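The next block holds one structure in the form of structure tokens; read it before the comments.
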Amino acid sequence: MTVGLVRSKDLKAGVRRSAAAWPIGTLRYLVAAIFTGFCLFPFYVIVTTALKTETAIFAWPPVWNFKPTLQSFYNALFVFGGRSAIFYLINSVIISAVSTFVAVVLGAMAAYGFARFSFAGKRHLAFWILSTRFAPPVAFIVPIYLMVQKAGMLDSHIALILIYTAMNLSLVIWILRGFFSEIPIEIEEAALVDGYSRLQIFWRVALPLVRPGIVSTAILSAIFSWNEFLYAMVLTQSKAATLPVYLAGFSNSMGLAWGEYMAVGTMAVLPILIFTFALQKHLVRGLTFGAVK
Amino acid sequence: MEASRTDYFSLGEPKPDSMKLAVERRRATWLLIAPAFVVLLGLNLFPIVYALYISCHYWMLARPQPPRFAGLSNYQELFFDARFRNSVLVSLKFIVLAVGIEMLLGFGLAFVFNTRLRGMATLRKLTLLPSLVMPLVVGLVWFYMFNENFGIVNWFWVVLGGTRVPFLTQGALALLSIVATDVWQWTPFVMLVFFAALQALPEYVYEAARIDGLSGSQIFFRVTLPLLRPAILIVLIIRAVDALRSLELVFMMTKGGPAGDTEVLPWYLYTTGFMSPDLGYAAAMAVLMLALVTILSQLFVRQLESREVTR
Amino acid sequence: MAEVQLSGVRKRFGLVEALRGIDLAIPDSAYVCLLGPSGCGKTTLLRCVAGLETVDAGQIRIGSQNVEALEPFARNVGLAFQNYALYPHLDVRGNLSFPLRAPRRRTEFGDGEIEQRVKSIATLLQIDALLDKPIVALSGGQKQRVALGRALVRNPTVLLLDEPVTHLDARLRHEMRVELKLLQRRVGTTTIHVTHDQLEAQALGDLIVVMRDGLIEQVGTPDELCTRPATSFVASFVGDPPMSLLTARLGQEAGVLSLRVGAAQLRPGERLGRLLDGLCDQDVEIAVPAHHIALGHAGDEQTIAARVQAHEWVGRELQIVVALNGSPVPVRLRTQQRLALRIGDEIAIRLNLGSAHAFDSKTGRRLQSSAD
Amino acid sequence: MARIEFKGVSKTYPDGTRAIVDLDLVVEDGELLCLLGPSGCGKSSTIRVLAGLETFSDGMILADNNRIDHLPPQARDCAMIFENYALYPHLTAFENIAMPLRARRLPASEIKARVTKIAGILRMEHLMGRRPSRLSGGEKQRVGIGRALVREPAMFLMDEPLGHLEAYLRVELRAEIRKLQERLGITTIYVTHDQEEAAAIADRIVVMSAGRLQQVGSFLDLFDRPVNRFVAEFVGEPPMVFLPVERTNADSIAVKGVRIPISEPLRAALRATQDRELILGIRPNDFSLGPPVRDHLNGTVTLVQPQGDHAIVAVSTPAGPATAIVPSDRRPAPGATVGLTFAGERLHLFDSAARALNKGEGGG
């Protein structure tokens, strides 16, 4: 005989598991599946449109069965417009990678400083850094455009790298600060007694211990840099233009080459698809600044 | 004694002999924090001050005349600018609708996903995707899907018995379409935050509640809901700020049209600054927007601060 | 190996004075326990010796060297923490060799020597079979051994132990105590061990330093603490169970001294009477060892009425905690009798003041006769 | 008030782990019963099953002869105190204590009166406005006790209530729990792994191991009349010393060739078994150390640990290590050679299955 009782996990959701639970379970599956489908459907549209022929793209009713073709990808990469998408892709990779690297390095250092050293005004400084997360690019674009212009850095990689670094610093600092302060301080004190200097401890003890935090903040930073549109749009034209700039350029001649758009869109989304699963454990903590773990 | 945990790095007042130790500690502190601090100073604090400066000038891009001091006249002009007022109103409508729907849907869905049923975890991980995708691509694909002639949304609509709808070119519908797109992108995020918050609720509290004799609805209203309050506030603020600054969807899907019905504040600011291009006027708008965002972000900071204190 | 000397050591955290002038000399090779309730400053003192805290004033000498201005690594101390503080990203071998591989010591040890030292310390602590295990796979006792090994692997001049066995369960704690003591005997390193457990301090310490509120109350061997407690605080803190402290008023009737505790009158006896000489009509504190308190019959001589506060079995003995009328501090006694007591019961206890200690009620210092 | 009865209760996890094996146990009305055992022995599962927080596979649970195992936790009228306090983090101490009453929808004035009364009993009126995050561990557990107390339940279930507290607080709070329990006379089941705590607080102690009940009795029963080696070793501090013995005769034994005098009941028990692989158990208190004597069990003192009145002396003997507790004034010096003598009437003998030969006899 099994005495049927409520499990508290289920109770959290206000739902009881009992003999009569199966319709609720099924209903859950149904709702969850529909929602997941809703979330995934546009991805399906992007990829299939990129693989369709032009006729299929404009077909009414939409064509579900079609013979995939790589023509759109080919066009986007090698034929279309003035420059190949590869050029923009490379710019995006360079700028995201370098800005992420710099943001993580500077951010990790500062985060460690915030977690482990006390100094006057620390709290205010930390919360100011947090609030930079909310800086709306559009409100900063006017002064930053003029600053970059005066520095003669319009259409340069370095300008975007710096701006993206600043954009991602608050994320890196806040997340890693949380990770660092979770390390028992005695571990670092032990290293101090063992003969390591503070910076050596940072490098050899603290950093290895927050590796999961580093990985997830790096991925998130890279995604944010990769996705950023407005600064790139305003500050670059050709030499340092990134993928979003390329996509935005399309939309000026809108209505024509959907297949090629979607092919570029696919390329813009693909890296994220790959990273997403690596991220899922720390995503919420990252996106809410450690407020929700 | 058993002093606070960061004491070993503390910069108290040491006796002169151990000054050397204290100096090394201070140096280490600044070595660590200064680089990030300088970057943020240059690219966050300085631009704000600079924006204030620009906003007090007549400053036209691509014109030979140098900028001219204008006092507060840019702000004055904003006050009487009907287009500005419209854009604030549109932004407000957009935020209330989009964030409202996202919060409600996300909250409900979090409970649906909060179960140990097999396979749910996989579904949940899949829903992560929209929040990480390039907003421009989101705009692109929904622009395509909302197309009047061959869009798949219209096709669904027709299958369900409707007639074709010009989603992006008809007044209120255009804004609703952008709202729908935003809802698609951000509901999963809201759901995931609530889900994480639900998971983090301590199980023991529910055991105590059952021992204390609370009924299911009492548990929800007296325990679950109050415990979720911080998460609700945090996600609400994050979403509100992000919706306020979002520009990509409008850029891709409507360019502010038709007739300004989707001209959100960031879009108006952008076109003023870089298409008109009146930088002084745009900067004045930017300052007002920054003020608004600062208020919202302070709410967020308060929330986090209070959590830090109670943790 | 070296002696450790502290003189006039002070440390303040904000408004809290953690150490208020500590003078202490620790002989070479001694096992010293710093004992006191939480907040007494014992951990701060240990951290000052380790260099994890700077001192505000005073000197710390290890051997012949003044160390208060040195960084922790330059003091050559080994430190084991209450929560072990092992490096979770390294295995046991990595943890043990970590101090030897510090960049500052790069020239000091070759790979061969490191390997050999790690081996020998692991053998000494019987963890040689665990060398390749990750830290997470270890039990509490094993972690404690690794932490000790890491502290000892460099042959430190002083070994510092911060509540090293507190996190272990009772059985293991007793075993580790024995091991610690035997280990220290073998390596002979001067050892400072912080604990709040007076029985642990007595079991291990050659010398015990009792601290309270940032000051040293007494330094002595375990026997000295029990037989000649310097202050009433030490008397009420040390022993199993600790002595009971009574506040009494000394009176004299017809040339006979009497101590008034609440409503009861006790005769101090000859020895105590001598100690209390000249304190008539003053309050004094009397400490009575538990084995000099017994159950009595109401109305008998040297007997006080008391109310049961708690009754607990300790081995075959029943420990009874009682409250006396007019005395805020509970009195503990043990009996072999099988009693069915209930909390709140009225009983009578008989006090044997033959070996009681008396303390000045203002300073708390023990009153001694010239014969002591 | 209730008399609780477990009848053949078993709990098996889906993976086959057996948390509770065929438990038969009666908890008398108004008594304080301790469940004692190492972690994973099933003691927590037992009270969680009783509370209704977990299911079980077989058997039944009765309260005053009525089955309660089909009832939801809400209906079982038991109050529980948790190791991690399990306070509602968003509510003040007052509201935490009030929660069971709010669940029963009592009028606000009565709730206020009852909570105030409890706060008075526990001397924590000044803490009523604080949230758990602003309370110390001891204060939190007081609130936990208050919340259990306020309902006047049929039974108290306490799951390692003092586990997370500092040593001195544990001593203080356990006396307080005992006091409240004696005063209210509510049936209480108290789970702990700390034998000292169990000895201090319990009317009777149940020793459990691997899901099975080993022995039920007062602390002295367990101390002096353990039924098996597990109980003998688990109860008592420092632990019982075990030495392998040879059987020299039907009714006599020897350790390393040294004959050990034993009491008559033990001799009788010895005669009744053929078992040759016996283990002798002696409590450290039941040794005495004297000068070494030829043909006696002699040993070398390895360590002396003073403990005030007495000292714990570790002796290495040819038969194995032994621990003795001796009065302080008669303690030997480390390195000395001593002779060990045993209090014959207090010896324990365990057979090859680790069962005590003198079950229920011998000893104190």
Side-chain angles (χ1 to χ4, degrees), chain A residues 8 11-14 25 28 31-32 35-36 39 42 45-46 58 60-62 106-107 109-110 112-113 116-119 127 130-132 134-136 138-140 142-144 163 165-166 169 185 189 198 223 227 229-230 234 244 247 251 258 261 265 268-269 272 276 280 284 288 291-293, chain B residues 5-6 8-10 28-29 32-33 35-36 39-40 43-44 47 50-51 111-112 114 117 123 125-130 132-134 136-137 140-141 150 152 155 188 192-193 196-197 201 203 206-207 216 220 231 234 241 245 247-248 266 269-270 273 279 282-283 286 289-290 293 297 301 304:
Chain A
S8 43
L11 215 91
K12 278 184 186 176
R28 277 177 185 234
V31 173
F35 179 65
T36 314
C39 288
V45 172
I46 297 173
F58 292 105
W60 180 272
L106 299 191
M109 284 163 54
Y112 187 68
R116 285 297 187 241
F117 293 86
S118 51
F119 51 89
F127 281 107
L130 174 64
S131 67
T132 66
F134 292 104
V138 73
F140 281 77
V142 170
I144 284 199
I163 289 164
T165 300
L169 264 179
I185 194 155
E189 291 181 332
R198 285 180 180 74
I223 290 177
N227 286 349
F229 159 64
L230 189 65
V234 173
L247 269 176
S251 91
W258 281 109
Y261 288 8
V269 169
I272 288 156
T276 301
Q280 42 98 10
V284 167
T288 59
V292 179
K293 278 180 193 166
Chain B
R5 315 207 76 226
T6 52
Y8 107 84
F9 291 115
S10 77
T29 315
L32 288 168
I33 292 179
V39 170
L40 285 175
L43 290 169
N44 184 271
Y50 197 30
F111 283 90
V112 172
N114 188 31
L117 290 177
L123 291 183
K125 286 168 197 164
L126 286 171
T127 64
L128 210 73
L129 282 167
L132 297 174
V133 167
M134 188 180 287
L136 219 54
V137 176
L140 175 74
V141 66
F150 48 85
I152 204 147
W155 180 78
L192 287 167
V193 173
L201 293 184
E203 190 153 348
Y206 289 86
E207 293 189 343
F220 181 78
I234 280 163
V241 177
R245 55 184 211 173
L247 164 92
E248 286 90 343
L269 202 168
Y270 172 72
L279 289 185
M289 192 172 165
L290 272 172
V293 169
S297 70
V301 163
L304 266 196

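Naming: A, B, ... by sequence-line order, numbering from 1 per chain. The structure presented is a predicted model; accordingly, all values stated were derived computationally and were not measured.
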Legend entry - Check against side-chain contact (heavy atoms from CB on, under 4.5 Å), B:L290 and A:F140: CA-CA 9 Å; B:L290 272 172; A:F140 281 77; 3.5 Å; yes
Taking all non-hydrogen atoms of both residues, which atom of [X] and which atom of [Y] are closest, and how far apart?
X: B:L269; Y: A:A139; value: CD1-CA, 4.4 Å
X: B:R245; Y: A:P136; value: CB-CB, 3.6 Å
X: A:P62; Y: B:W155; value: CD-CD1, 3.1 Å

About how many Å separate [atom2] of [Y] and [atom1] of [X], when rounded to the nearest 0.5 Å?
X: B:L136; Y: A:Y261; atom1: CG; atom2: OH; result: 11.0 Å
X: A:R198; Y: B:T29; atom1: CZ; atom2: OG1; result: 8.5 Å
X: A:Y112; Y: B:I33; atom1: OH; atom2: CD1; result: 12.0 Å
X: B:L40; Y: A:T132; atom1: CG; atom2: OG1; result: 5.0 Å
X: A:L106; Y: B:L32; atom1: CG; atom2: CG; result: 11.0 Å

Legend entry - Worked verdict on A:W258 versus B:L140 for side-chain contact (heavy atoms from CB on, under 4.5 Å): CA-CA 9 Å; A:W258 281 109; B:L140 175 74; 3.8 Å; yes
Legend entry - Proximal component of A:I46, with respect to chain B [non-hydrogen, under 4.5 Å]: both
Legend entry - chain B contact via A:L169 - which portion, at a heavy-atom distance below 4.5 Å: side chain
Inset, instruction - Apply the test side-chain contact (heavy atoms from CB on, under 4.5 Å) to residues A:L247 and B:M134: give CA-CA distance (whole Å), side-chain angles for both, the deciding distance (0.1 Å), then the verdict. - result: CA-CA 11 Å; A:L247 269 176; B:M134 188 180 287; 4.1 Å; yes
Legend entry - Side-chain (A:N227) to main-chain (B:L132) donor-acceptor, under 3.5 angstrom: yes
Legend entry - Check: A:R28 side chain, B:N114 main-chain N or O, donor-acceptor pair, under 3.5 Å: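 Yes; at least one donor-acceptor contact below 3.5 Å.
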Inset, instruction - Let me see the working for B:M289 and A:V138 under side-chain contact (heavy atoms from CB on, under 4.5 Å), right down to the final yes or no. - result: CA-CA 9 Å; B:M289 192 172 165; A:V138 73; 3.5 Å; yes
Inset, instruction - Name the region of B:V241, side chain, backbone, both or neither, that has any atom closer than 4.5 Å to a heavy atom of chain A. - result: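 Answer is side chain: those atoms of B:V241 sit under 4.5 Å from chain A.
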Inset, instruction - Under 4.5 Å, counting heavy-atom pairs only, tell me which of B:N44, B:T127, B:V39, B:V301 racks up the most with chain A. - result: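 Highest number of heavy-atom pairs under 4.5 Å: B:N44.
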Legend entry - Pairs of heavy atoms under 4.5 Å with chain A: top-ranked of B:S297, B:P47, B:A286: B:P47
Inset, instruction - Give me the one residue out of B:L129, B:V141, B:V137 that meets side chain to side chain contact (heavy atoms under 4.5 Å, CB included) with A:V269. - result: B:V137
